[in-house]
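These notes concern the structure reproduced below.
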Amino acid sequence: MSEADIRAVLRDELARLAPEIDFEALDPAVDIREQADLDSMDFLNLVTALHQRLGVDIPDADAASLATLDGAVAYLARKAGAPPSS
Amino acid sequence: MAEFLMPSLGADMEAGTLVEWLVKPGALVKRGDIVAVVETQKGAIEIEVFEEGVVERFLVEPGATVPVGTPLAVIRGEAEPAGEEAAPSPAIAAEPAAPEPVAPEPVSPAPEPPPAPSAATPEHVRISPAARRLAAERDVDLAKVSGTGPGGAIQLADIESLAAPTPASRPAPFDFTQMRAAIAAAMSRSKREIPHYYLWETVELRAASAWVAHANAEQPPDKRLLLGALFVKATAVAARAYPEFNGFFEDGSFRQSAAVHVGLAIALRGGGLAAPAIHDTADLDLDTLMARMRDLVGRVRAGRFRSSEVADPTITVSSLGERGVEALFGVIYPPQVAIVGFGKVVERPWVVDGAIGPRPVATVTLAADHRVSDGHRGALFLAEIGRLLQHPEAL
């Protein structure tokens, strides 16, 4: 599972929750919830989907680490044992 | 012999358009089965049947718009012999002059997902496991299915809709113009007819937040709770103790409801909202309630309501979650008589035992119908919600 794979999963799952957003236009350092207008239920569903698709444990206390794209990729890559990107 | 009628899905609904039958004549149906889809101002709504028996025949064909109360089909009790009743009345067919009953232009805010290059060949179809299972069961040729999931992936719903007994395609989930008109009508009526009064109270939520965090700590994400589930449960339990906030004002008088069906206000992407009911909210444990809320939000945003959910909320809860503002003062959805609003949870200085410390707090509001209740009782109702939230373990 590379960082590119993780990014693709994130793109897929965000498209499911917020079909109208342009993934490429998201600022990777800004809270996804603000940019994609996700409510608490959406965000929980995002965490649920990432957990199920990537097989990564995401304790509730860590969920805030996934609030930005950069944060989510870094967190998930670390937990999934992805090789660092070049 | 029973007739299955065009249901009333709210006080403001006069007629509905039958979009499709989801059963065939001869099908055995039981209470709660979804048998048809009806298009209303609120969107396409799945209609449940309340009789048990065999679908004898249809009286209305897809495409026809008929008033509330019009018989749509005849349902024969299992014990009754077939075809015993009087001469069949001709089925109400769609207006012959009407244009082809094709699905209306999609007005969904959802743009088409980009097609997956691999979706073209059946060997590399992207498909969810559940969809694959159902497709195999129903002998569906996957090469002919266009998926609506991310990247063109085939989802369960794609197979379900394909394999539905009638070939009619479902309309887009929402016609936002219609929905806006329905909201406008209901809210104008509310502000015209209902003398609202408003109360608010700041509720300290340290115990509730800590309890949720603790409950979630060992749970996988699909079993986790949101504070919103506690808000809904506390409101439902309080509404049982204060029944003048739970029921309907119709024909000049208030009729309280024995059951508490909390209508959950759900914002739709692209605008509009719906507040369908979670049945018997006060009787559900928090895990079940949370599962129902997730299911309901998911279905509503996908445009799949059920008739019973739309028709009978007895009180509404509007909860803004983590984002949004600190307080909202709701407009009562007629013929209901109260709406409870929860602002976002914020950290604020709070005085406990003479010392100031940071605490998570939320502003809880009540808008209630002054024809039915007064501020004094409203204050007690709101205080009861706040009190219940201090003991999350008991919810």
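Here is the naming used below: chain letters follow the sequence lines, and residue numbers restart at 1 for every chain. Everything quoted here is computed from the prediction, not taken from an experiment.
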**Request:** Please assess B:L226 against B:M290 for the test side-chain contact (heavy atoms from CB on, under 4.5 Å), listing each intermediate value before the final yes or no.
**Result:** CA-CA 7 Å; B:L226 291 173; B:M290 182 67 199; 3.6 Å; yes

**Request:** Give the C-alpha distance, both sets of side-chain angles, the deciding distance and a yes or no for side-chain contact (heavy atoms from CB on, under 4.5 Å) between B:R301 and B:L268.
**Result:** CA-CA 6 Å; B:R301 290 198 172 140; B:L268 304 171; 4.2 Å; yes

**Prompt:** side-chain contact (heavy atoms from CB on, under 4.5 Å) between A:Q35 and A:L14: does it pass, once the steps are laid out?
**Reply:** CA-CA 11 Å; A:Q35 295 187 83; A:L14 277 172; over 6 Å; no

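Proximity to chain A (any heavy atom under 4.5 Å) is shown, for B:M293, by both the backbone and the side chain. Of the two parts of A:L38, the backbone and the side chain both hold a non-hydrogen atom closer than 4.5 Å to a non-hydrogen atom of chain B. Looking at A:A18, both its backbone and its side chain come within 4.5 Å of chain B, counting heavy atoms on both sides. With a 4.5 Å cut-off on non-hydrogen atoms, A:Q52 touches chain B through its side chain but not through its backbone. For a residue to count as touching a neighbouring chain, one of its non-hydrogen atoms must lie under 4.5 Å from one of that chain's; by this rule A:N45 touches chain B with backbone and side chain alike.
B:L286 has its side chain within reach of B:K233: a pair of non-hydrogen atoms, C-beta onward, lies under 4.5 Å apart.
Of the candidates B:L227, B:L230, B:V364, B:V361, B:L227 is the only one forming a side chain to side chain contact (heavy atoms under 4.5 Å, CB included) with B:L205.
Here A:T48 is the residue among A:D57, A:T48, A:I58 with the most heavy-atom pairs under 4.5 Å with chain B. Ranked by heavy-atom pairs under 4.5 Å with chain B, the list A:V47, A:D37, A:L17, A:D39 is led by A:D37.
Ionic pairing of B:R323 and A:D42 is not present here: no N-O contact between side-chain nitrogen and carboxylate oxygen is shorter than 4.0 angstrom.
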